[in-house]
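In each ligand, atom 1 is the first atom listed, and ligand 1 is the first ligand listed.
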Amino acid sequence: MPQQKLFNVAIVGATGAVGEQILKLLESRNFPINKLKLLSSARSAGTKITFKGEVITVQEATPDSFKGIEIALFSAGGDVSKSFAPHAVKHGAVCIDNTNAYRMDINTPLVVPEVNIEKVSEHKGIIANPNCSTIQMVTALKPLQDRFGISRVIVSTYQAVSGAGSLAIDEMLRQTQASLNGEDIKPSILPVGSLPVKHQIAFNAIPQIDKFQENGYTLEEMKMVNETKKIMDDESIQVTATCVRVPVIYGHSESLYVELKNDYDLEEVKQLLADAPGVTLVDDPANQQYPLATDAAGKPDVFVGRLRRDLGFERGLNMWIVSDNLLKGAAWNAVQIAEHIAIG
Ligand code: NAP
Ligand code: 3JN
């Protein structure tokens with residue numbers, strides 16, 4: 001039997017919430033690794049991380065970190081990807097980038113394996129992982145697009161704090177405890193670390209994820225609009241998004257109203273979703289079964305339920321979609337792409 005090729009792999013952002021999940025997946029899926037390099041900022045350089053029983057010391061990322069690297073997984077923010085991904089490409093690596101830096105670049109494929117894995121072959125060194133909220137939505141929409149066509153999507157998200165990084169998880173837990181103790185709450189991270197105004201997340205819902213754009217939408221909302229059109233390869237799909245942060249640790253939930261181009265049968269829609277790759281149908285109202293963030297956390301699939309025909313528009317469909325934002329929304333989607341490159 002031919003020997004499986006082993007790859008030199010780098011993880012940029014290895015000490016972060018997404019990086020930690022990437023590491024767990026590479027280990028549990030026995031990814032074919034020769035050498036593994038763990039990179040961070042100077043802050044965490046020197047941290048020891050155990051991978052498959054071997055202790056690896058995290059190093060500060062520099063342009064030279066990528067010599068000999070064949071696959072580089074980036075999740076350290078867009079600026080870090082812009083600074084280092086070109087160096088990684090120059091050294092011959094394929095970069096799988098979890099940030100917004102290259103998603104809308106015309107030379108960069110934006111890939112969700114269940115939707116458009118064939119785009120990977122068009123890469124010129126960088127493959128972009130979409131935003132978490134987009135990934136779970138398009139995974140569920142793909143079978144409907146293929147069968148009925150989609151003209152319009154109106155989505156509202158209920159996004160977990162882990163989407164804003166490990167400091168946001170700490171902040172929500174701290175605020176919850178302080179509130180229960182009757183202590184003052186001093187928000188410091190959410191909604192956006194780099195903006196001056198902060199809001200309480202414990203026992204609250206914040207209708208702002210990322211910065212506001214000139215059109216009144218937030219950047220997270222515009223990511224959903226633009227990325228959906230690119231991944232589904234249809235500029236004509238109308239998408240409107242409202243993105244909301246809620247006090248959940250893991251798992252983004254989404255309420256969708258979808259207008260299909262052709263008449264549909266609700267039972268056929270359920271069957272299509274039940275059969276779709278990466279999708280689990282949980283839709284049993286009689287027994288109060290529907291997707292929940294607490295059930296989706298730690299699982300790779302996109303969970304879909306609450307399927308019902310719109311009351312006003314015959315070709316309108318309402319649905320509820322939940323997925324672990326750090327897994328299918330980030331780490332698992334990236335590792336799926338890496339496996340496609342490494343193993344086929
Ligand atoms: P996080 O928990 O705050 O971790 C950030 C990671 O980036 C840490 O490992 C950090 O290292 C590293 N880092 C920061 N500045 C760096 C630098 N100058 N050079 C090298 N490494 C640096 O954040 P996260 O939740 O893991 O998210 C990280 C990024 O992933 C986000 O900014 C976003 O771009 C992307 N992301 C994508 C999705 C998605 O929807 N696909 C979801 C979540 C996040 P230190 O430990 O040294 O600080
Ligand atoms: O807030 C969330 O739930 C998802 C956040 C994603 C995110 C956070 C900071 C920077 C991104 C992203 O993936 O779009 C970025 C970014 O890369 O711009």
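In this structure, atom 9 (C) of ligand 2 has no protein heavy-atom contact shorter than 4.0 Å. For atom 12 (C) of ligand 2, the nearest protein heavy atom lies closer than 4.0 Å.
Listed by number with element, the atoms of ligand 2 under 4.0 Å from a non-hydrogen atom of Glu220 are 2 (C), 4 (C). Every atom of ligand 2 is numbered from 1 in the order shown, and the set under 4.0 Å from a heavy atom of Lys223 is 11 (C), 12 (C), 14 (O), 15 (C), 16 (C), 18 (O). Residue Arg103 approaches ligand 2 through these ligand atoms, each under 4.0 Å from one of its heavy atoms: 12 (C), 13 (O), 14 (O). Each of the following atoms of ligand 2 lies closer than 4.0 Å to a heavy atom of Thr99: 17 (O). Annotation for ligand 2: atoms under 4.0 Å from non-hydrogen atoms of Asn100 are 16 (C), 17 (O), 18 (O).
No single ILVMFWY cluster, assembled from side-chain heavy atoms under 4.5 Å apart, contains both Val322 and Tyr290.
For atom 5 (C) of ligand 2, the closest non-hydrogen atom on the protein side is Gly163 O, 3.2 Å.
Only the side chain of Cys132 comes within contact range of ligand 2, with a heavy atom under 4.0 Å; no backbone atom does. Of the heavy atoms in Asn98, only backbone atoms (N, CA, C, O) come closer than 4.0 Å to ligand 2. Contact annotation: for Ile209 versus ligand 2, heavy atoms closer than 4.0 Å belong to the side chain alone.
At under 3.5 Å, a nitrogen or oxygen of Asn131, whether backbone or side chain, sits near a nitrogen or oxygen of ligand 2.
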Enumerate the pairs of nitrogen or oxygen atoms, one from ligand 1 and one from the protein, separated by less than 3.5 angstrom; state names and distance to 0.1 Å.
residue: ligand 1; atom: 2 (O); partner: Ala17; partner atom: N; Å: 2.9
residue: ligand 1; atom: 2 (O); partner: Ser166; partner atom: N; Å: 3.2
residue: ligand 1; atom: 2 (O); partner: Ser166; partner atom: OG; Å: 3.1
residue: ligand 1; atom: 9 (O); partner: Gly13; partner atom: O; Å: 3.3
residue: ligand 1; atom: 9 (O); partner: Thr15; partner atom: N; Å: 3.3
residue: ligand 1; atom: 9 (O); partner: Thr15; partner atom: OG1; Å: 2.6
residue: ligand 1; atom: 9 (O); partner: Gly16; partner atom: N; Å: 3.1
residue: ligand 1; atom: 11 (O); partner: Thr15; partner atom: OG1; Å: 3.3
residue: ligand 1; atom: 21 (N); partner: Ser41; partner atom: N; Å: 3.2
residue: ligand 1; atom: 26 (O); partner: Ala17; partner atom: N; Å: 3.0
residue: ligand 1; atom: 26 (O); partner: Val18; partner atom: N; Å: 2.9
residue: ligand 1; atom: 32 (O); partner: Gly77; partner atom: N; Å: 3.4
residue: ligand 1; atom: 40 (O); partner: Cys132; partner atom: N; Å: 2.5
residue: ligand 1; atom: 41 (N); partner: Asn98; partner atom: OD1; Å: 3.2
residue: ligand 1; atom: 41 (N); partner: Pro130; partner atom: O; Å: 3.1
residue: ligand 1; atom: 41 (N); partner: Gly329; partner atom: O; Å: 3.0
residue: ligand 1; atom: 46 (O); partner: Thr15; partner atom: OG1; Å: 2.6
residue: ligand 1; atom: 46 (O); partner: Ser44; partner atom: OG; Å: 2.4
residue: ligand 1; atom: 47 (O); partner: Ser41; partner atom: N; Å: 3.1
residue: ligand 1; atom: 47 (O); partner: Ser41; partner atom: OG; Å: 2.5
residue: ligand 1; atom: 47 (O); partner: Ser44; partner atom: N; Å: 3.3
residue: ligand 1; atom: 47 (O); partner: Ser44; partner atom: OG; Å: 3.1
residue: ligand 1; atom: 48 (O); partner: Arg43; partner atom: NE; Å: 3.0
residue: ligand 1; atom: 48 (O); partner: Arg43; partner atom: NH2; Å: 3.1

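By the 6.0 Å and 45° rule, Arg309 stacks over the aromatic ring of Tyr264.
Counting heavy-atom neighbours within 6.0 Å of Lys299 NZ, excluding the residue itself, gives a total above 12. No more than 12 heavy atoms of other residues, nucleotides or ligands lie within 6.0 Å of NZ in Lys82, so this atom counts as exposed by the packing criterion. When the shell of 6.0 Å around CG of Asn262 is examined, it contains more than 12 heavy atoms from other residues, nucleotides or ligands. For CZ of Phe51, the number of neighbouring non-hydrogen atoms (other residues, nucleotides, ligands) closer than 6.0 Å is greater than 12.
Of the options Asp283, Asp284, Asp265, a salt bridge (charged side-chain N to carboxylate O under 4.0 Å, His left out) to Lys270 is made by Asp283 and by none of the others.
Considering only non-hydrogen atoms, atom 1 (O) of ligand 2 lies nearest to Arg245 out of Glu227, His252, Arg245.
A salt bridge is defined here as a Lys NZ or Arg NE, NH1 or NH2 lying under 4.0 Å from an Asp or Glu carboxylate O, and Glu171 with Lys198 fails to meet this definition.
At a cut-off of 3.5 Å, with distance as the only test, no side-chain donor of Lys142 or Asn116 sits close to an acceptor on the other residue. A donor-acceptor pair shorter than 3.5 Å can be found between the side chains of Glu220 and Asn131.
Not a single donor-acceptor pair under 3.5 Å links the side chain of Lys223 to the backbone N or O of Cys132.
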| task | Would you sort out whether Gln238 and Glu259 count as a side-chain hydrogen bond (donor to acceptor under 3.5 Å, both in side chains), showing the intermediate values? | result | CA-CA 10 Å; Gln238 298 174 49; Glu259 284 184 7; over 6 Å; no
